[in-house]
Amino acid sequence: MSRLDRLLRPRSIAVFGGKWAGNVVEQCQRMEFDGEIWPVHPSRDRICGLRCFRSVSELPGVPDASFIGVNRRAAIQVIDQLSRAGAGGAVCFASGFAEAGREDSKGVDFQDRLVDAASAMPFLGPNCYGYVNYLDGTALWPDQHGGTRCSTGVGIVAQSSNIAINLTMQRRGLPIGCILTAGNQAQLSQANIASELIDDPRITAIGLYIEGFGEIADYVRLAEKARKLNKPIVAIKAGRSHKSRQAMISHTASIIGSEQAADAVFRRLGIGRVRNVPEFLETLKLLHLGGPLRGRRLGSMSCSGGEAGLVADASVGRRVKFDDPCGEQVAALKKALGPLVHISNPLDYHTWHWGDEQALTDIFQAMLFGSYDLAFLVMDFPRTDRCSDLAWKPAVGAICKAAASTDSRVAVVASMPEGLPEVWAEKLLDAGIMPLQGIDEAIAAAEAAADIGECWSSKIRPPVTCPQRAGEAGRLLDEAEAKKLLNEAGVRVPEGAVAREEAEAMAIADELGYPIVLKRLGVAHKTEESAIALGLTCRDHLLAAMKGMDASTDFLVERQIHDVVAELIVGVLRDPECGLLLTFGTGGIWAEHAGDHRHLLLPVTRSEILDALGELRAWPVLEGCRNTPGADIGSVVGAIHSVARLAQQEAGTLIELEINPLLALRNGAVAVDALIRKSSEGA
């Protein structure tokens, strides 16, 4: 038995409270729950026709599951009594805990008291609706819900009860096996709940609605279990985490936000990420019927050039591919379609064969010979209150036959949700065809499923996590100190030295050889404060540059770097939820505005860095284009990897680290400007 088995699959339910508790009894009866239901109320005799008991001590037995619909003070007392009695678990519906401020005017932390009272007894919440188990017919749920019983289905765990209610009302044919709300996650985190739920052999995939991560380590364990059990996870990450950038001074801090950090987490863990509820539901359907995609090759066919164009447009910017047919597939399509149809992908097969099931089967089979990772048949059904859908049956029969004969994964995609009614969606699911509603949503689902498949093909590595010292400014190392650390870590820096007066600066410049670069130390953003002078070719220029800067601080004199192919930014920021996050991309003075960056959780490998570099818009410049030489890619990757390793070594004290720019050269890579800020303990 799992820790939540008694709570989620009870034989006896105790319900505490008035109106909301009565709703729970009503929902249990509606689900035809065949166990015992024991309402508990101090003054009422009956609720929904059932006898009321006055307290936990009066119950005829120890309940497997309890719904606690009383105020927060009473909830703590009930939780304590249930725990002492050996109850199986509870849903704490009451609010007024951590979401309202942890302490009252007398300094009482209600949420901590609730957790202490529960002891080892598991509970959901507080401040949550509970759950509906459609697999077993159990609902500790104080409101309406739109689902129905099923034998297999997806599991959904949401941090928002209202979002959970909305999800149950979907009319998309998605079988929901169990939906749970996590609330404040005082005892059980969302990832803990999902990890218990995923063990059920009837659960095919997991959907998460996330507002805040909490302990990343819990999601790491969940992701590892999901891959082991071959049960993929898709998530929506909503809301903004409570991180503050006010104390951060690097460009990296401006580039990275909660969205980028979340993307890096999901990509590392192999959790598919989608942006909205429709994409979430469509991705769950795709994962429910067949799991992740093995690759990103998609095929699409429709009897309309307009629909083919919409599919092509929807794929722009997405990590999917619509490769044109070739070889034997082209020959088979020409034979099935005739000489007047242009062979392409997405394919417009025209309407000449509409209604002819055998002809359509031949066309669909020929297209599926392309061995796509997922193939679409774009087709909207008519509304049956005013029209007939009889003419669509041959097309449905044909796609079912074609899919069965080619062992392909196939989806029928409607351009509008109402274009694929629930009755047809359920018929298609029963036939092994995925019913997807919305072209954009279908492609988003394919992308998410392919992301999971790609991650599952390699070994998962947990990200480094380190605590954030809230409000700590730390100490900014001067550039000379920062470059010394980087150089010791294997990152090449320009030759140079610190000068405290003019004569010393001139001696250093003479030894290095002109042209040289002069910088004033102690300044984070030197360009904005005129604290840097480039291309100084003689002593007179050097002296003039020094006089134009504040002489109260030391100077850094360095040799000028030549043969520059591109300027990059490389930064590491400690995210309070996600751990150490590495960012790199187009750098220089336009780093914050270029929008050309990639974000990876540490630790990372060289191959991961190289793959992410290849995704940059600046990659053609780095690789060499228009007869211009490219950069030394190996040295660039090595420098970024060395920065990542340094950040891990300094993880306990590092607040932020940035190189801007890292100059990508024809031969090598050099960090010409560096910023490192560490906590007081490590400064």
Side-chain angles (χ1 to χ4, degrees), residues 91-92 94-103 109-112 114-115 123-131 155-167 179-197 206-223 226 233-248 253 256-277 279-280 462-471 573-581 599 601:
V91 168
C92 187
S95 58
F97 291 89
E99 83 285 353
R102 294 198 67 89
E103 298 179 350
D109 190 317
F110 286 100
Q111 187 150 304
D112 284 349
L114 185 71
V115 173
F123 71 91
L124 304 180
N127 187 35
C128 80
Y129 260 36
Y131 73 85
I156 298 175
V157 186
Q159 290 180 11
S160 164
S161 295
N162 200 61
I163 293 294
I165 294 172
N166 295 342
L167 291 171
I179 188 162
L180 302 96
T181 59
N184 292 6
Q185 306 174 79
Q187 183 203 65
L188 292 170
S189 73
Q190 179 184 38
N192 294 152
I193 298 166
S195 188
E196 295 277 354
L197 186 60
I206 293 289
L208 303 175
Y209 173 81
I210 303 171
E211 292 177 352
F213 279 117
E215 290 292 333
I216 287 294
D218 290 343
Y219 288 91
V220 172
R221 287 188 288 271
L222 171 62
I233 303 172
V234 62
I236 304 176
K237 174 66 167 66
R240 298 289 177 179
S241 59
H242 300 294
K243 55 178 71 102
S244 170
R245 301 295 182 197
Q246 294 177 356
M248 300 297 184
I256 297 175
S258 59
E259 290 298 292
Q260 289 80 11
D263 276 340
V265 169
F266 293 131
R267 192 168 184 177
R268 169 60 63 85
L269 299 185
I271 296 175
R273 187 184 189 184
V274 292
R275 303 292 171 176
N276 54 55
V277 170
E279 291 180 0
F280 181 71
V464 171
T465 56
C466 47
Q468 176 74 11
R469 294 174 176 84
L573 205 62
R574 186 170 59 193
D575 185 277
E577 286 193 313
C578 305
L580 293 176
L581 194 65
H599 314 279
L601 282 176

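All figures in this text were calculated on a predicted structure; none of them were measured in a lab.
Shown here are the side chain to side chain donor-acceptor pair (under 3.5 Å) partners of Tyr129, two or more places apart in sequence or in another chain: Asp143. Taking the side-chain contact (heavy atoms from CB on, under 4.5 Å) definition, one finds that Ala158 meets it with Ala164, Tyr209, sequence neighbours left out. Residues passing the ring-ring contact (aromatic ring centres under 6.0 Å, His included) test with Tyr219, sequence neighbours excluded: Phe213. Legend: residues meeting salt bridge (Lys or Arg N to Asp or Glu O under 4.0 Å) with Arg275, ordered by chain and number and at least two apart, are Glu259, Asp263. Not counting sequence neighbours, the partners of Ala226 by the side-chain contact (heavy atoms from CB on, under 4.5 Å) test are Ile198, Ile233. Remark: Gln159 pairs with Gln190 by the side chain to side chain donor-acceptor pair (under 3.5 Å) rule, at least two apart or across chains. Under the side chain to side chain donor-acceptor pair (under 3.5 Å) criterion, Asn192 pairs with Ser189, sequence neighbours left out. With sequence neighbours left out, Glu196 forms a side-chain contact (heavy atoms from CB on, under 4.5 Å) with Ser2, Arg3, Leu4. Evaluation of the side chain to side chain donor-acceptor pair (under 3.5 Å) rule for Ser195 yields Lys225 as partners, not counting sequence neighbours.
Distance CG/Leu180 to CG/Leu197: 6.0 Å, rounded to 0.5 Å. Atom CD in Gln185 sits 9.0 Å away from atom CG in Asp218 (nearest 0.5 Å). Summarising the geometry, atom CG belonging to Leu222 is positioned 11.0 Å from atom CD1 belonging to Ile193; distances are rounded to the nearest 0.5 Å. Ile216 CD1 to Leu269 CG: the interatomic distance, rounded to the nearest 0.5 Å, is 7.0 Å. In this structure, CD1 in Ile236 is found 7.0 Å from CG in Leu167, a value given to the nearest 0.5 Å.
A pairwise comparison of heavy atoms in Ile210 and Ala235 identifies CD1-CB, 4.0 Å as the closest pair. The nearest pair of heavy atoms linking Pro126 to Gln111 is CG-OE1, 3.8 Å. Nearest heavy-atom pair across Phe123 and Cys92 is CD1-CB, 4.3 Å.
Two residues are said to be in side-chain contact when any heavy atoms from C-beta on lie closer than 4.5 Å; Leu124 and Thr181 fail this criterion. Two residues are said to be in side-chain contact when any heavy atoms from C-beta on lie closer than 4.5 Å; Leu581 and Leu601 meet this criterion.
Formation of a donor-acceptor pair under 3.5 Å by the Arg273 side chain with backbone atoms of Phe266 is not found in this model.
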